[in-house]
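Report on the following structure.
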Amino acid sequence: MAPPPNDLPDLTGRTIVVTGTTSGLGLALSGALAGAGARLLMTVRDARRGEAAVERVRAGIDGPGSAEAVLLDLADLDSVRAAAADIRERTGDRVDVLVNNAAVSLGPHERTRDGFELQIGTNHLGPAALTWLLMPALRSAGTPGRPSRVVTTSSLGHRTGGLDLTDLHWERRRYSPTRAYGASKLANLLFAAELDRRLRLADDPVLSVAAHPGLTASELLNNALARGGTWKDRLFVLPDRYLSQPVAAGIGPQLLAATGPVPGGSYLGPTGPFETRGPAGPARRSATARDTVLASGLWQATASATGIAPDPDPGPTVGA
């Protein structure tokens, strides 16, 4: 079971990067982790909203923790590169935990600045690029006795779509917002598993762990409707609105992944009915999310799309 925010281990002296922190899960995570003593680097797309979020977190700190904003737009690889360089410089190339939390969902077929379909670009390609670019800082901070961590946030939605590596950006197929979202969340799980495999092969002092929040009353789906969601998207939102747990409970799996005694390769989520709510514990992956050949193929496709060298990359492609 995940510890509640007031019962986290002492995180004094640890540096944690959380993406997507101006509201919802990311804001709550930042508050809990900074409250436990960590130095929080909160990534934000908008400087004004980011400073407001940082001030909210700072107001809740009663101890050695701290919070600061880092500008980052995961839908822009130039911004990802700049943010990674900024983080490495600020931290002296030492990051203890990276929580890839930011995401977009549903809405119309849009493109990132680099031409990627918006959901796969923001939810997978941007976070994967950030992870690879920060790996030297994660490796420097980790030790065999206390490895650093990468926490990748997936979703129950990973079960709603497959992943076509030949058409990641929905250029050939008819676009489906829900299937595209499911594909991006499936990509999160596949990437986390492949990252874990390669970290083990490299014998790096870094763990890769994945988590999902169940049904949580965050701003993610509300933002989707504001971007022009269809009537089908609205039906998708209804269960989230009326069956969801509060954000304070929804961050439990991510807190456990970031600070708890869990091995690399773990996938965590609520353990209540259908993994929608309840105490944090082991979660179930779909059969496709356990496909090692697909995971390895995604790793290579991600490197090709982003133009960023994977780190670590010590092993052969599975199935090659």
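If you're wondering where the values come from, they're calculated on a predicted model, not measured in any experiment.
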- Message: When you measure from the side chain of Arg149 to the backbone of Ala257, do you find a donor-acceptor pair of N or O atoms at a distance under 3.5 Å?
- Response: yes
- Message: Distance alone, cut at 3.5 Å: any donor-acceptor contact between the side chains of His212 and Glu275?
- Response: yes
- Query: Any donor-acceptor pair under 3.5 Å linking the side chain of Arg200 with the backbone of Gly264?
  - Reply: yes
- For Thr160 and Gly157, indicate whether the former's side chain and the latter's backbone hold a donor-acceptor pair under 3.5 Å. yes
- Query: Angle class for the His169/Phe116 ring planes (parallel below 30°, perpendicular above 60°, tilted otherwise)?
  - Reply: parallel
- Message: Quick one about Asp313 and Trp132 (side-chain donor to acceptor, distance below 3.5 Å, no hydrogens or angles considered), yes or no?
- Response: no
- Between atom CD of Gln254 and atom OG1 of Thr152, what is the distance when rounded to the nearest 0.5 Å? 10.5 Å
- Item | Side-chain (Asn100) to main-chain (Thr131) donor-acceptor, under 3.5 angstrom | no
- Pair Thr22-Asp46, side-chain donor/acceptor within less than 3.5 Å: no
- When you look at Asp164 and Arg172, which way does the side chain to side chain contact (heavy atoms under 4.5 Å, CB included) test go after all the steps? CA-CA 11 Å; Asp164 185 344; Arg172 290 188 293 99; 3.2 Å; yes
- Query: Does the Asp96 side chain pair with the main chain of Thr15, one donor and one acceptor, at a distance under 3.5 Å?
  - Reply: yes
- Task: Answer yes when Arg139 and Asp311 have at least one side-chain N-carboxylate O distance shorter than 4.0 Å, and no when they do not.
- Result: yes
- Are the side chain of His158 and the backbone of Ala187 linked by a donor-acceptor contact shorter than 3.5 Å? no
- Item | Donor-acceptor contact present, side-chain Asn101 to main-chain Thr19, <3.5 Å | yes
- Examine the side chains of Ser208 and Asp196 and answer whether a donor and an acceptor come within less than 3.5 Å of each other. no
- Distance from Leu189 atom CG to Ser286 atom OG, nearest 0.5 Å? 7.0 Å
- Looking only at heavy atoms, what is the nearest atom pair of Leu165 and Gly297, with distance? CD1-C, 3.6 Å
- Task: State whether the side chain of Asp167 and the backbone N or O of Glu171 hold a donor-acceptor pair below 3.5 Å, judged by distance alone.
- Result: yes
- Just one of His109, Glu110, Glu117 clears the side chain to side chain donor-acceptor pair (under 3.5 Å) bar with Tyr175, so which one? Glu117
- Task: Give a yes or no answer on whether the side chain of Lys185 reaches the backbone of Thr153 with a donor-acceptor pair at less than 3.5 Å.
- Result: yes
- Which atom names give the shortest non-hydrogen contact between Ala38 and Ile16, and what distance separates them? CB-CD1, 3.8 Å
- Query: Hey, is the main chain of Ser140 close enough, under 3.5 Å, to the side chain of Arg94 for a donor-acceptor pair?
  - Reply: yes
- Test log, rule salt bridge (Lys or Arg N to Asp or Glu O under 4.0 Å), inputs Arg113 and Asp73: CA-CA 10 Å; Arg113 182 177 294 273; Asp73 183 353; 5.8 Å; no
